[in-house]
There are 2 protein chains.
Amino acid sequence: MAKRDNLDCFFSPRSIAVVGASPDRSKLSNIILKSLKNAGFRGDIYPVNPKYASVEGLACHNSLDEIKSRPSRPGRVDLTVFAMPAASVVDLVKEFHHKLRGIVIISGGFAESGLEGAALEKELKGLARKHSLRIIGPNCLGIYDTVSRVDTFFVPGERLKRPGPGSLAIISQSGSFAVIAMDVLADEGIGVSRIVSYGNTADVNESDCIEFLANDERTSAIALYIESVQDGKRFVKAAAACTKKKPVMAIKVGRSGAASSAARSHTGAIAGRYELYRAAFKKAGIIELRGYEDFLSGCKALAMQRPARGTRVMVITDGGGIGVSIADACSDEGLDVAPLTRETAARLESALPNFCTALNPLDLTGSATDELFAEALEKTLSEDHYDMAIVAALWGPPALTDNLAKLMAEKARSIDKPVIICSPGGEYTRSKKDLFMNLGLPVFGSPESAVRAASVLAKAGKTGGKGRAGLAGG
Amino acid sequence: MAKRDNLDCFFSPRSIAVVGASPDRSKLSNIILKSLKNAGFRGDIYPVNPKYASVEGLACHNSLDEIKSRPSRPGRVDLTVFAMPAASVVDLVKEFHHKLRGIVIISGGFAESGLEGAALEKELKGLARKHSLRIIGPNCLGIYDTVSRVDTFFVPGERLKRPGPGSLAIISQSGSFAVIAMDVLADEGIGVSRIVSYGNTADVNESDCIEFLANDERTSAIALYIESVQDGKRFVKAAAACTKKKPVMAIKVGRSGAASSAARSHTGAIAGRYELYRAAFKKAGIIELRGYEDFLSGCKALAMQRPARGTRVMVITDGGGIGVSIADACSDEGLDVAPLTRETAARLESALPNFCTALNPLDLTGSATDELFAEALEKTLSEDHYDMAIVAALWGPPALTDNLAKLMAEKARSIDKPVIICSPGGEYTRSKKDLFMNLGLPVFGSPESAVRAASVLAKAGKTGGKGRAGLAGG
């Protein structure tokens, strides 16, 4: 039996077969073929379907047995994707196991759908063990990978934007969650390394993925969506080893009664008590995310900023009410909006116009200028007293210009601590967002989302993972 | 002395003077004049400045004394706006008190800025009492009113969109908070009746505004941003009377130590302990909002939907992970994702494809269709067992079309209970948002924000206010 812990067949395949490939554009297999082509996969793609000579411009094979060229293990295709009724998948795996290595099973109709499906999934598990196959799924979307350029997601490009290359990885039991995260990150211009939607865990589970990504030099931070974990001990061990190298954050859904029965139906897993998961996260150094908003703020924060050295936040704004709201949110998240030291306050007072009071949060008022923001950031964040800054520049003050973004980015770079931009508002405000994003400063639309990001950065610093900074430095 | 509790001078003035009006487009007075003109104010606008013959196409007056025409109280201008240094404002109010009635003082430099400013503000208060003047501010943005078409906000239209007419009122101690709420609501196409940014409360405070809006038939729901309340008893009395007629929600900022000293500096008020405010809110039947995100979700919910009769929520989705996330957020907010009754489950099973399990949250899976969503909503929400529904239609499933919005709106109307749309995602998802919004269904971008809205609707139903439904019916 071959080594079972190798996931290279998924993350650096040289050949991919799509079984049941069809020219019918409403079929999942057709969309998957196009996803693979659009992703720019550089290996061989083999559509398999006896009904067609070619599909989407690629030569089609009558059966898996007919595929000959370039597999990295002689006689086998590195990665095979199935999107067809559950029973047919099991039949084909049984018949062609000698041609298979890594398998992604998109199809539902397994353990999540009742007794009959559970029996099929059990059979699948047996086949994987017996024939040394690795399986992602069933009931999943598979892999989106900007390193190997693999994309098995069956949502077409016009409905789901794909993120560009980056160093954030996402591992999700839920396909819909993975899809939405991808779409939002792509929309924000945030890149990813690898995304895995792993569904029912007939074989490959979250621990396998964590172990792979821990040693993946293209990945600097990992976000995890979990409905359940089958082997808690292994999970804690894998995650604890990983968080020594890079930050791992996780959301465990199904905290409520209703949610947990739905999760059971969703991927066929039994969700355990939330407190057990919290304890496991803590033990493994995993950053706990409490929901969707936490998840996305955390992804954005760790994709764009280094972890913070501590919890002390300087808040600078030109809108008093928003500054106070940020301070409240910080207090809720356990972040410390530490008062200015007497020395810093004195140095700041001399630079500020007389209608501004040197405080944290610092309100530069409607008379704020680009330079005033820059000076305030410099004079406060450069102190040992602060670990990061949240800058809430509202665009009301007439003196503010697009140059603000450049000044903020320069200060952030020279002081070398995380700076987060909070920028709530409508169309005009949104039109300014990319000024900051393009210079590497993450922009959030509400005080709470900015603070959620700051909280993740503080926790990532505490657990010792080096995140983006570690990758850049190494 | 004239009756002091009449705020008509602010909310239905027949004449407005802008003191210090200038053709210089960088001056606040210039922007305010343009705001008034753009709002379509139908009364007389009097720029006042001895330096100019006309400003922005309006005849300019040498002094307040020269204004003659159409004041509703003989010899006085209904509403006068000051945006000039604090000391000059006090001098002018002293000299021309006989011409004044309602005053909006935009200028800062009063109690929020130190001892000298506090003395000026005290003098102002004395003048208001002595001469029966009503003052909004200082240190505020004043009034935006779609009924009387008054707009004293000094942020130009290109930086701050104004909401259209509607029935939601906002009372905010913070100008920046009011500005952002306006901008976001305008962006979402949500209308307002009246918005007041009241700043330092030299005279008019939150209780005055609540009393006015309680009897304002153009207002069906009120959102309040408070840093501090000076007369707690009066506040509770005013709000308790108001919440018998229409829902009132409030955010009290300055919960943390840092936040409360900043709030003190911001509007010169001393923020009290948060627990006292919570108790006051409870006593008065005010819906407590915990932050900016709560505030905006609440505004959107009550502007677009009627209060719910209870806390029982049906969740329908085509993305299992998002459904579970909504259920988790409901549980955090004290909402009840009540299991289906055996009868409803049976009726639902017969309508659902066999890969769907009849549960709450209900996952229609990637095979969802418009009709399946409609049927699921009909069969569940029409039951006495549910008070409202959250529908999370993700746009991955290829069979979903734009017609989904129409079907959802029809069912919502015929069942006559609140339906909230949760629609997280990127560009494609956002492009579908207005389909629902234009038919009166509020759309939220995350599970948490949809649930925050549901929670406000449940609380609004409980406190007895009738909200939008009450207004529409009456």
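Source: prediction; values computed, not measured. Both backbone and side-chain heavy atoms feed into the values below; hydrogens, waters and symmetry mates do not. Throughout, protein chains are lettered first and strands after them, A, B, ... in sequence-line order, and every chain is numbered starting at 1.
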What one should report as the nearest heavy-atom pair of A:Tyr225 and B:Gly321 is OH-CA, 3.1 Å
For each of B:Ser367, B:Ala178, B:Gly291, tally heavy-atom pairs with chain A at distances under 4.5 Å, and name the one with the top tally.
B:Gly291
Hey, is B:Arg452 close enough to A:Glu448 for a salt bridge, meaning N to O under 4.0 Å?
no
Under 4.0 Å between a Lys/Arg side-chain N and an Asp/Glu carboxylate O for B:Asp187 and A:Arg430?
yes
With sequence neighbours left out, write down each residue that passes side chain to side chain donor-acceptor pair (under 3.5 Å) with A:Ser297, or none if nothing qualifies.
none
Hey, does B:Leu160 have a side-chain heavy atom less than 4.5 Å from the side chain of A:Tyr428?
no
Do B:Asp183 side-chain atoms and A:Gly425 backbone N/O form a donor-acceptor pair below 3.5 Å?
no
Check the surroundings of atom CD in A:Glu116: do more than 12 heavy atoms from other residues, nucleotides or ligands lie under 6.0 Å from it?
no
Rounded distance [0.5 Å steps], OG in A:Ser325 versus CD1 in B:Ile251
5.0 Å
Proximity breakdown for A:Glu158 and chain B, heavy-atom pairs closer than 4.5 Å
backbone
Counting only heavy atoms from other residues, nucleotides and ligands, does the tally under 6.0 Å from NZ of A:Lys27 exceed 12?
no
Hey, are the side chains of A:Ile180 and B:Leu394 touching, using non-hydrogen atoms and a 4.5 Å cut-off?
yes
What's the shortest heavy-atom distance between B:Ser176 and A:Gly320, and which atoms?
OG-N, 3.8 Å
Considering residues, nucleotides and ligands other than B:Glu427, do more than 12 of their heavy atoms fall under 6.0 Å from its CD?
no
Would you say the side-chain atoms of A:Arg159 pair up with the backbone N or O of B:Pro397, donor to acceptor, closer than 3.5 Å?
yes
Between B:Asp332 and A:Arg255, does any NZ, NE, NH1 or NH2 come within less than 4.0 Å of an OD or OE carboxylate oxygen?
yes
Among A:Gly445, A:Gly426, A:Ala181, A:Ser449, who wins on heavy-atom pairs under 4.5 Å with chain B?
A:Gly426
Those residues at least two apart in sequence (or on a different chain) that pass ring-ring contact (aromatic ring centres under 6.0 Å, His included) with A:Phe295 are A:Phe177
